[in-house]
Amino acid sequence: MSILSEPATKLRPEHQVSPLTSVKLAHSSSPSEQPPSIDPAPKRLVVDAQDISLTFDTADGRVEALSHVSLQVAEGEFVSFIGPSGCGKTTMLRVIADLQQPSSGSLEVNGMSAANARLGRSYGYVFQAPALFPWRTIEKNLKLPLEIMGFSEAEQQQRVEHYLSLVNLTGFERKFPWQLSGGMQQRVSIARALSFDPAMLLMDEPFGALDEIVRDHLNEQLLQLWKSTEKTVLFVTHSIPEAVFLSSKIVVMSPRPGRIIDIIDCNFPRDRSLEIRETPEFLKIAQRVRTGLRAGHSYDE
Amino acid sequence: MTSSSLALRLQTRRSLLRHPLVERYAPVVTMVLALMVIWYIAAVAMNWNLVRDGFEREETPYTTTHVLAGTMSAERPLLPAPHQIVSTFVDGVFGYPPLAPRSLVYHSLVTLSATLIGFAFGAIFGTLLALMIVHSRVLERSLLPWIICSQMVPIVALAPIFIVVLGAIGLTGLLPKSLISAYLCFFPVTIGMVKGFTSPDPLQLELMQTWSATPRQVLFKLRWPSAVPYLFASLKVAITISLIGAIVAELPTGAEAGIGARLLAGSYYGQTIQLWAALVAAAVLSSGLIGIVSLIERGVNRRMGAH
């Protein structure tokens, strides 16, 4: 539970007015009060970001995509990033993935630099679009990262079978991507990201392009997956219910400059079902996320 | 009773019009027929004076019908009628043994060999150029202007220079023709393949990056397969252009064989029908070549999961 964020600390006095915050403060200040099932021992840090800033030079001047963001993620957590467009949540994920380099600050991923973590294949990345290779069958799509990483033929075959069954797509090996629905394609892309057994799963609005019903279904499946694989998941989303439903930790961000407003613990039991979305606890946390977004002036435009 | 059978007959007629075969081929047949009609009218109009002057020179009495018949069967008409061209073409193809010097098959084979060698050179060279351009900004800036310039010089002007220079160092016959053909046909391949190699989705490229793929792996597992549709589009353009290149290359050499040589001979001696027959041979050849490329394309597409 070692997430630090300076801007969030700064906002705390203002938050304390709301009774919800005091609940959260009680949680974060004294971990012993949390249900014993969660995080019994302090775990290894998978992401350790200190004071990360990232500015772009665009035609309209400098844009501060990230401003002094500090974040720590422990092994096995499910961390959601939520905020309006332009708040830097995707940028943060890309920085962790070494797809973009921060202008300043220090970042350790899986105990090494972000670049080495990428070279060491520490994470699987899932984009908003499935980005499957249309000329490869589903099986061959799953094999692609394995081929690149030099797994043996037998190992590849075995992993394809394992991970396809993990996303409930056994029997679709020989189909081409266009023969699958959008939701199925995204499941393939999740299986592909998991296929080489990375320490982390980075997901950038993976269900953003899907309809509500498919999305609910996939959310449940993703939770199952998280429970069974015990991967660390970093998950970018626009949707408050999705964030609250999935996460063990919610990072609320706000734009101009992109920064962290609040970090909320969200410790529902791991085998939660969609029904918890009607419970008062769920609504309380959702309310806090909304309060955080409002504090970041996310609703101003 | 009668009215219903009438309705039925109307319906069958209408459904005949909607028959898939009819729907598919009716436009083509209509176009060809229209073209034939225009062609025949043009042949009559263009050959009229020629034929009438012939009658007058020989001082034989003639009627309009005679002239009209004459325009359809003149020996050296300005514009041969379609049936004349077809019969000369068929005669050229089937009337002689395939390797006789008067056989169109023989001349087509000569041109075809230069075309295919030139096409192979051009396609490989064009693809290599595209690879270099895609992988290096410096090469893009330094090569691309020259590539474009190379295509701005008319090949008719350039071909004799090629032939003379290559002849001076002892290269004659097939090779200079192939080189000219390659010179023409590498260009669409380069342009198409640059487009093709840069066509992968940014997401797909980033995925490869997250897997720490080497540039070689990115090339063979992503860029190359993404470029396949562009490859076939440019190969279709390239193979017709390389045929044109081979024919043009035959003109200044005074080659004794090849479609170009036939064209040259035909224009020297005013053998317009022979000229047109050679043109038809070239058209048939290039359609055949495109057909073969399309066939290969379809096979490849099927293997790549096209729907």
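In what follows, chains carry the letters A, B, and so on, assigned in the order in which the sequence lines appear, proteins first and then strands, with residues in each chain numbered from 1.
- Annotation: side chain of F235(A) is in contact with side chain of P206(A) (closest heavy-atom distance under 4.5 Å).
- For L202(A), no part lies near chain B; criterion is any non-hydrogen pair under 4.5 Å.
- Using a 4.5 Å cut-off between heavy atoms, S226(B) contacts chain A through both its backbone and its side chain.
- Contacts of Q217(B) with chain A are made by side-chain atoms alone, with heavy-atom separations under 4.5 Å and no backbone atom involved.
- For chain A, the option among A213(B), P200(B), P225(B) with the highest count of heavy-atom pairs below 4.5 Å is P225(B).
- The shortest side-chain heavy-atom distance between L104(B) and F89(B) falls under the 4.5 Å cut-off.
- Among M304(B), R302(B), R303(B), the one residue that satisfies the side-chain contact (heavy atoms from CB on, under 4.5 Å) test with V300(B) is M304(B).
- When heavy atoms are compared at a cutoff of 4.5 Å, A129(A) approaches chain B by way of both its backbone and its side chain.
- At a 4.5 Å heavy-atom cutoff, the contact between Y125(A) and chain B is made by backbone and side-chain atoms alike.
- Highest contact tally toward chain A, considering only T214(B), L222(B), D201(B), V228(B), is held by L222(B) [criterion: heavy-atom pairs under 4.5 Å].
- The side-chain hydrogen bond (donor to acceptor under 3.5 Å, both in side chains) test with R159(A) singles out one residue from Q157(A), H162(A), E155(A), and that residue is E155(A).
- Between S80(A) and the options S239(A), S247(A), S248(A), a side-chain hydrogen bond (donor to acceptor under 3.5 Å, both in side chains) holds for only S247(A).
- We find that E153(A) and K143(A) are joined by a salt bridge, their nearest charged nitrogen and carboxylate oxygen being less than 4.0 Å apart.
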